[in-house]
Amino acid sequence: MKIATWNVNSLKVRLPHLLQWLAANPVDVLCIQETKLTDDKFPVADINAAGYEVAFTGQKTYNGVAILSRHPLTDVVRNNPHYPDEQQRLIAATVQGVRIICAYVVNGQAVGSDKFAYKMAWLAALRTWVQEEMAAHPDFAILGDYNIAPDDRDVYDPVEWAGAIHCSEPERAALGELTALGLTDAFRLFEQPEKQYSWWDYRMMAFRRNRGLRIDHILLSSSLAKRCTACTIDREPRKWEQPSDHTPVIATLD
DNA sequence: ATGGCCAGATTTTCTGGA
């Protein structure tokens, strides 16, 4: 079973990329973020025609998440029951016995800002929900755009980014609290090349210069971590015309 | 060359992203 995550940065713009990528990478489950579409505009027929069921929750302009699956999706939950939120950032479903959460974590804008406080409160509530879901479902995975680089090696210039949004101590501590529930960063289960990132700024030729951050993650429960045989970042779609600024991350489970 | 973005709104500039 292959599970993947990709922040598409507007599904309206990126639908052709999504379909092209799925044709070349027929993963079992794909979690997408930043669809930026209300539910009535979600391209269900195109995704079904590609061989995927889909569960989604969206809004106009911002946020929006979906889970695509080649297998039946059951027990869909939209949003965190412990955190009433207008912003559509979370959706959960069960696929072949695996409980999946697709997450678009708050950006936070700047350390100390109101949006940063929202990010921290949102992450604390996420932890409560994840703890509950893990208790009910030992085979558990949470995939998405965390907007947090876990470690300095996940940052192209850790000195320039020291203490900044996505890299600050409170954010890394919050991610640590989440993984302390018994989750493992699938990417770090394996030897990886240096300077592997999942996002690059559109500006300043950041992709060409590999000035990126690794902020998109697949976290696995211990039972799934044992089944995990690979985790890779696919840089290819970032090279395509009019790309998302994020690129897919894929984990293979036995 | 250390720099020159992108998507969406109800657009002719702004917000938010990361």
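A note on names: the letters A, B, ... follow the listed sequences, proteins ahead of strands, and every chain is numbered from 1.
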Q | Rounded distance in Å - OH (Y197(A)) to P (dA18(B)) | A | 18 Å
Q: Tell me, please, which residues at least two apart from Q196(A) pass side-chain hydrogen bond (donor to acceptor under 3.5 Å, both in side chains).
A: none
(Q) Please encode protein proximity along nucleotides 2-11 of chain B as a string of B, S and -, counting only heavy-atom distances under 4.0 Å. (A) BB-BSSSSB-
Q: Using atom CZ of R214(A) as one end and atom C1' of dA18(B) as the other, report the distance to the nearest whole Å.
A: 16 Å
Q: Select base, sugar-phosphate, or nothing to describe what D157(A) touches, counting heavy atoms under 4.0 Å on all strands.
A: nothing
Q: For nucleotides dT2(B) and dA7(B), find the distance between their C1' atoms and express it as a whole number of Å.
A: 26 Å
Q: Write down the distance between CD (E171(A)) and P (dA18(B)), rounded to a whole number of angstrom.
A: 12 Å
Q | Separation of dG17(B) P from Y146(A) OH (nearest whole Å) | A | 19 Å
Q. Which value, in whole Å, describes the distance between the P atoms of nucleotides dA18(B) and dG8(B)?
A. 14 Å
Q: Can you tell me, in whole Å, how much space there is between the C1' of dA9(B) and that of dG4(B)?
A: 24 Å
Q: Identify whether V98(A) and V65(A) are in the same connected component of the hydrophobic contact network (ILVMFWY, side-chain heavy atoms under 4.5 Å).
A: yes
Q: Provide, to the nearest angstrom, the distance between the CG atom belonging to D114(A) and the C1' atom belonging to dT15(B).
A: 16 Å
Q | Separation of dG16(B) P from Q87(A) CD (nearest whole Å) | A | 10 Å
Q. On a whole-Å scale, what distance lies between the C1' atoms belonging to dT15(B) and dT10(B)?
A. 14 Å
Q: Examine the side chains of N9(A) and Y202(A) and answer whether a donor and an acceptor come within less than 3.5 Å of each other.
A: yes
Q.
If the test is side chain to side chain donor-acceptor pair (under 3.5 Å), which one of T5(A), D145(A), N7(A) qualifies with Q33(A)?
A. T5(A)
Q: May I ask you to check whether T61(A) and K36(A) show a side-chain donor-acceptor distance below 3.5 Å?
A: no
**Q.** OP1 or OP2 of dA18(B) under 4.0 Å from side-chain N/O of Y104(A)
**A.** yes
Q) dG16(B) P sits how many Å from N107(A) CG, rounded? A) 11 Å
Q | Flag for R70(A)-Y52(A): side-chain donor and acceptor within less than 3.5 Å | A | yes
Q | dG16(B) OP1/OP2 closer than 4.0 Å to side-chain N/O of N63(A) | A | no
Q.
Can you check the distance between dC6(B) and dT11(B), where both ends of the measurement are the P atom (answer in whole Å)?
A. 23 Å
Q.
Regarding dA18(B), can its base be found pairing with the side chain of N147(A) as donor and acceptor, where the two atoms are less than 3.5 Å apart?
A. no
Q.
I need the NE2-P distance between H246(A) and dG16(B), as an integer number of Å.
A. 17 Å
Q) Got a donor-acceptor contact below 3.5 angstrom from the Y146(A) side chain to the A103(A) backbone? A) no
